[in-house]
There are 2 protein chains.
Amino acid sequence: MFSKACEYGIRASVYIALQSMEGRRVSVNEIAEEIDSPIAFTAKILQQLSRSNIIHSVKGPTGGFEIERENMESVKLNMIVKAIDGDDIYKGCGLGLKECNADKPCPLHDKFVDIRSDLSKMLRNTSLYELAMGLEVGLTYLKR
Amino acid sequence: MFSKACEYGIRASVYIALQSMEGRRVSVNEIAEEIDSPIAFTAKILQQLSRSNIIHSVKGPTGGFEIERENMESVKLNMIVKAIDGDDIYKGCGLGLKECNADKPCPLHDKFVDIRSDLSKMLRNTSLYELAMGLEVGLTYLKR
DNA sequence: CGTTAATCGGACAATTTTATCCGAAATAGG
DNA sequence: CCTATTTCGGATAAAATTGTCCGATTAACG
Ligand code: FES
Ligand code: FES
């Protein structure tokens with residue numbers, strides 16, 4: 001469904017959001033530890049999210065990553081997915097035709113766009129804040 | 001969403017079904033031409049589907065691929081996807097946790113399983129026959 | 001029986017994705 | 001100013017996916 005990079009990116013963002021709620025800034029090492037991901041690869045993804053203004057990074061000692069309180073609610077999953085995986089999942093044909101277009105649809109088009117639009121809607125409506133809350137109350141987990 | 005192999009596999013299967021409705025057996029070359037896919041790679045995928053008893057192959061001159069009339073209705077997309085991509089898409093965690101399990105869910109679990117089960121249901125309920133029919137009446141296309 | 005046309009199967013190659021390494025730049029704190 | 005700690009950015013490596021090649025096998029047909 002999502003690329004590994006995107007999965008790590010979402011998990012990392014949720015963890016950063018959780019810690020930012022308590023004013024803590026976190027390092028790549030801590031993030032990778034807490035979400036069980038490869039450190040250097042995670043660092044690359046965080047750079048990408050930082051450049052996309054989804055998370056905020058601070059260099060030097062006491063530096064690390066954080067998410068502004070306001071962004072915690074306004075940043076939705078669809079932004080993270082788009083920043084990392086592009087918009088293939090929102091626009092692409094389920095059977096791999098070069099373009100998905102109702103004027104010349106693939107055999108699966110009608111059924112596929114239903115699913116795709118549900119997924120898209122779900123990602124658009126899900127904020128980091130919401131996901132971080134589930135974590136905070138101990139209902140959900142970022143590794144197992 | 002699906003791998004390239006799976007996309008080609010579905011497109012090929014639908015084309016074979018369409019031709020089998022008229023009693024025509026088709027070669028890899030014709031299939032690859034009609035669905036716009038790499039020939040040798042497509043051949044590999046067809047072998048896989050043949051071994052999974054989803055399509056039927058015949059060697060030698062006048063040989064090729066076909067789908068028995070009965071199978072055309074009983075073969076659903078979920079079988080093709082499972083044969084090629086495995087069941088990650090049916091069982092895997094959306095955020096990449098090692099296992100998807102409601103007892104220790106990831107932050108996205110509840111929302112993700114909804115989408116996943118809709119997708120799963122759609123694939124389970126869609127037959128090759130149904131898709132081939134859309135093609136036959138000129139409503140849908142396998143390449144663009 | 002020999003030729004020809006087709007799939008089968010294994011080895012190989014190219015590309016993309018995932019992952020690692022390391023030096024550079026920034027900055028807090030002594 | 002100096003040192004230590006952190007992200008940044010580019011090069012590189014490993015693994016997985018995608019794609020190619022070719023000889024073996026099968027079978028139709030003259
Ligand atoms: S054309 Fe295939 S999903 Fe729209
Ligand atoms: S645990 Fe992540 S989707 Fe179920």
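As a basis for the values below, the full set of heavy atoms in this structure was taken, side chains included, without hydrogen atoms, waters or symmetry mates. Order of the sequence lines sets the chain letters (A, B, ...), proteins ahead of strands, with each chain counted from 1.
If you take CZ of B/Arg25 and C1' of D/dA28, they are 11 Å apart, rounded to a whole angstrom. The distance from atom CD1 of A/Ile39 to atom P of D/dG9 is 20 Å, rounded to the nearest whole Å. Atom CG in B/Leu49 sits about 14 Å away from atom P in C/dG9, given to the nearest Å. The distance between atom NE2 of B/His56 and atom P of D/dA27, rounded to the nearest whole Å, is 11 Å. The CG atom of A/Asp85 sits 13 Å away from the C1' atom of C/dT18 (whole-angstrom rounding). Distance, A/Glu66 CD to D/dT6 C1': 13 Å, rounded to whole Å. If you take CZ of B/Phe41 and P of C/dT16, they are 13 Å apart, rounded to a whole angstrom. We find that CD of A/Gln48 is positioned 13 Å from C1' of D/dG9, with the value rounded to whole Å.
Each of C/dA19, D/dT6, D/dT18 was ranked by its minimum atom distance to the side chain of A/Lys59; first place goes to D/dT6. Distances were taken from every side-chain heavy atom of B/Thr62 (C-beta onward) to each of D/dC8, D/dC29, D/dC21; the shortest belongs to D/dC29. Of the candidates C/dA19, D/dA28, D/dT6, the closest approach to any side-chain atom of A/Ser27 belongs to D/dT6. Taking the side chain of A/Phe65 as heavy atoms from C-beta on, and the options C/dT18, D/dC8, D/dC21, the nearest nucleotide is D/dC8. Taking every side-chain heavy atom of A/Pro61 into account, D/dA4 is the closest of D/dA4, C/dA25, C/dC8.
When each of A/Pro38 and A/Gly60 is assigned the nucleotide of DNA chain C with its nearest heavy atom, A/Pro38 is the one assigned upstream, toward the 5' end. Between B/Lys44 and B/Val28, the one whose closest nucleotide on DNA chain C sits nearer the 5' end is B/Val28.
Comment: B/Glu30 engages B/Arg24 in a salt bridge, judged by a side-chain N to carboxylate O separation of less than 4.0 angstrom. A salt bridge links A/Lys98 with B/Asp36: the closest approach of a Lys/Arg side-chain nitrogen to an acidic carboxylate oxygen falls below 4.0 angstrom.
Rounding to the nearest 0.5 angstrom, the gap separating the NZ atom in B/Lys44 from the CZ atom in B/Phe41 is 9.5 Å. The distance from the CG atom of B/Asn101 to the CZ atom of A/Arg144 is 4.5 Å, given to the nearest 0.5 Å.
Put simply, B/Gln47 has no side-chain N or O that comes within less than 4.0 Å of OP1 or OP2 on C/dT7. Distances shown here put a side-chain N or O of B/Arg51 below 4.0 Å from the OP1 or OP2 atom of C/dG9. In this structure, B/Ser57 reaches the C/dC8 phosphate: one of its side-chain N or O atoms is under 4.0 Å from OP1 or OP2. Contact check, A/Tyr8 against C/dT18: no side-chain N or O comes under 4.0 Å of OP1 or OP2.
Between the side chains of A/Ser120 and A/Arg116, no donor-acceptor pair is found at a separation under 3.5 Å.
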